[in-house]
Amino acid sequence: MTKFVFVTGGVVSSLGKGIASASLAALLESRGLKVTLIKLDPYLNVDPGTMSPFQHGEVYVTEDGAETDLDLGHYERFIETRMRKANNFTTGQIYKSVLEKERRGDYLGKTVQVIPHVTNEIQDFVKRGAGIGTSEPIDVAIVEIGGTVGDIESLPFLEAVRQLSLRMGPNMAAFVHLTYLPWIGAAGELKTKPTQHTVQKLREIGIQADALLCRADRRIPDEEREKISLFTNVAPWGVISMPDVDTIYKVPRLLHEQGLDGLICDKLRLSTPPARLNRWDNLVQEVTNPQGEVNIAMVGKYVDLSDSYKSVNEALRHAGLKNHVKVNISYVDSETLSANNIQQLEAFDGILVPGGFGQRGVEGKISTAKFARENKVPYLGICLGMQVATIEFARHVAGLSDANSTEFDPQTKTPVIALIDDWKDADGTIQKRTANSDLGGTMRLGAQSSDVVKGTIAHGIYGDVVSERHRHRYEANVNYLDQLRDAGLVISALTQREQLTEIVELPQTVHPWYVGVQFHPEFKSTPWDGHPLFNAFIKASLVNRAARAAS
Ligand code: GLN
């Protein structure tokens, strides 16, 4: 029987509900339970695929090709269970499904309403996310409800989970509420009033929290904890202090020491062995005691908001842990870069160009790839970063001086990067992808496998086969591959199904470490082992750093 923990948030957003949910999941997993996480997003977009990274942060891609909220990245980095499409859904998806049913006549002429039709649909989606009715039973599904209690948008979600907990009967669901206690300097006090109000708001809807996670910039003194308990009807041991910490990996232990996992297991009548947190302790030890550092330039467009590259940042840091160094990431806005000021990249031990869309800032990224190639700086190009490396090589090495991607210049005479449909006539073996004007539906998404060429950097990292996740529309044009190969570019992996270019690199006889990948390796990096490609990139950057120091 799958049991549920519903996690809500109050007072303000950005309190770290995702990390709190993932940490609780990690604690339960360490007790030997099979756990999953589900994220409910109260906005009307069907998925975050079409939303600006400036607004919404990174779009996280799952193995099965779903474009999801970045919290799913935290989930996969914190627990063993892999996320699928069903682990994240939005109000938009719920309404889409309800309206499709209505058009099909499934409601048999009834008036379709938020209660019960929308709330029932939400419950079905939640159960599906928890794998109920499938062959893989989950012990506990932790359901994070996006938004803040009191928002109009999240009301149907809260009503749905209240009904679900009622329908399941006693001891099947627990409620955890994240709240915020502001520190008022003039009074020298942490204020509990907003917490009292948000818990009242929750009770109005019929939900009584079993635990309160009290976010604040400091620990909550016992006196305040008792006061909160009294006003909110939450047992004193359920009022848990969640002060700011210097690394997110400290959160599981912080919650465990105040008994959160014990409280949840009691509430859900789960009897398990005690939590085992050695690997979290070791991780914190590693994070707080680096033996060196390395400076990486991340040259991109959404540099103002580091959430836009969340998984890339995390993957770089994980690779730092693996190499026992701290990774200093400097964001360089590609729009400000040109041949005249590109020398500023000399300050870095390694250069990374992450994924991106659209023409803005792309010439700066091409200049960056050129700088890294000519100056023998380790270069990792991810998705768009691989495409700009290919364009740069075509222009400046292969003699195709006007090479471009049809994404940036639809009229280009030399489309070394293009949509498959742009060149399909030239190569009949490639299957045409579904023509679709729907922006959310034209991407190559999710995991795909490729064969890796022996004797390449890629082979040293991946072995014979690489399987990574994708999110892109454009591809290296097969019609130019021979010319690029003749000029010295190594195509080190091709997809098994369609023979599309998956990895390009320079031979190590001409450059120490220069790799571009069409996929997004960052989505599969974890703090435990890092990711082999990022580990190798950081290692090469450290070699470069040592060489620079010596010269
Ligand atoms: N804009 C490029 C494409 O669609 C690259 C996408 C990406 O970097 N994720 O192919």
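Note that ligands are numbered from 1 as they come in the structure, with each ligand's atoms numbered from 1 the same way. Worth knowing before you read on, the calculation uses all heavy atoms, side chains too, and leaves out hydrogens, waters and symmetry mates.
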Any Lys/Arg nitrogen of [X] or [Y] sitting under 4.0 Å from an Asp/Glu carboxylate oxygen of the other?
{"X": "Arg128", "Y": "Asp124", "result": "no"}
{"X": "Glu392", "Y": "Lys365", "result": "no"}
{"X": "Asp71", "Y": "Lys39", "result": "yes"}
{"X": "Glu63", "Y": "Arg84", "result": "no"}

Next item on the list: Indicate the ring-plane relationship of Trp280 and Trp528, choosing parallel, tilted or perpendicular according to the 30° and 60° boundaries.
Entry: perpendicular
Could you pull out the N/O contacts under 3.5 angstrom between ligand 1 and the surrounding protein atoms?
from     : atom 1 : to     : atom 2 : distance (Å)
ligand 1 : 1 (N)  : Gly356 : O      : 2.9
ligand 1 : 1 (N)  : Glu407 : OE1    : 2.7
ligand 1 : 1 (N)  : Glu407 : OE2    : 3.0
ligand 1 : 4 (O)  : Arg473 : N      : 3.0
ligand 1 : 8 (O)  : Gly356 : N      : 2.9
ligand 1 : 8 (O)  : Gly356 : O      : 3.4
ligand 1 : 8 (O)  : Leu384 : N      : 3.0
ligand 1 : 9 (N)  : Arg471 : O      : 2.9
ligand 1 : 9 (N)  : His520 : NE2    : 3.1
ligand 1 : 10 (O) : Gln387 : NE2    : 3.1
ligand 1 : 10 (O) : Arg473 : N      : 3.2
ligand 1 : 10 (O) : Tyr474 : N      : 2.8

Notebook entry, point to check: Residues in salt bridge (Lys or Arg N to Asp or Glu O under 4.0 Å) with Glu58, at least two apart?
Noted result: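 Partners of Glu58 by the salt bridge (Lys or Arg N to Asp or Glu O under 4.0 Å) criterion come out as none, since no residue qualifies.
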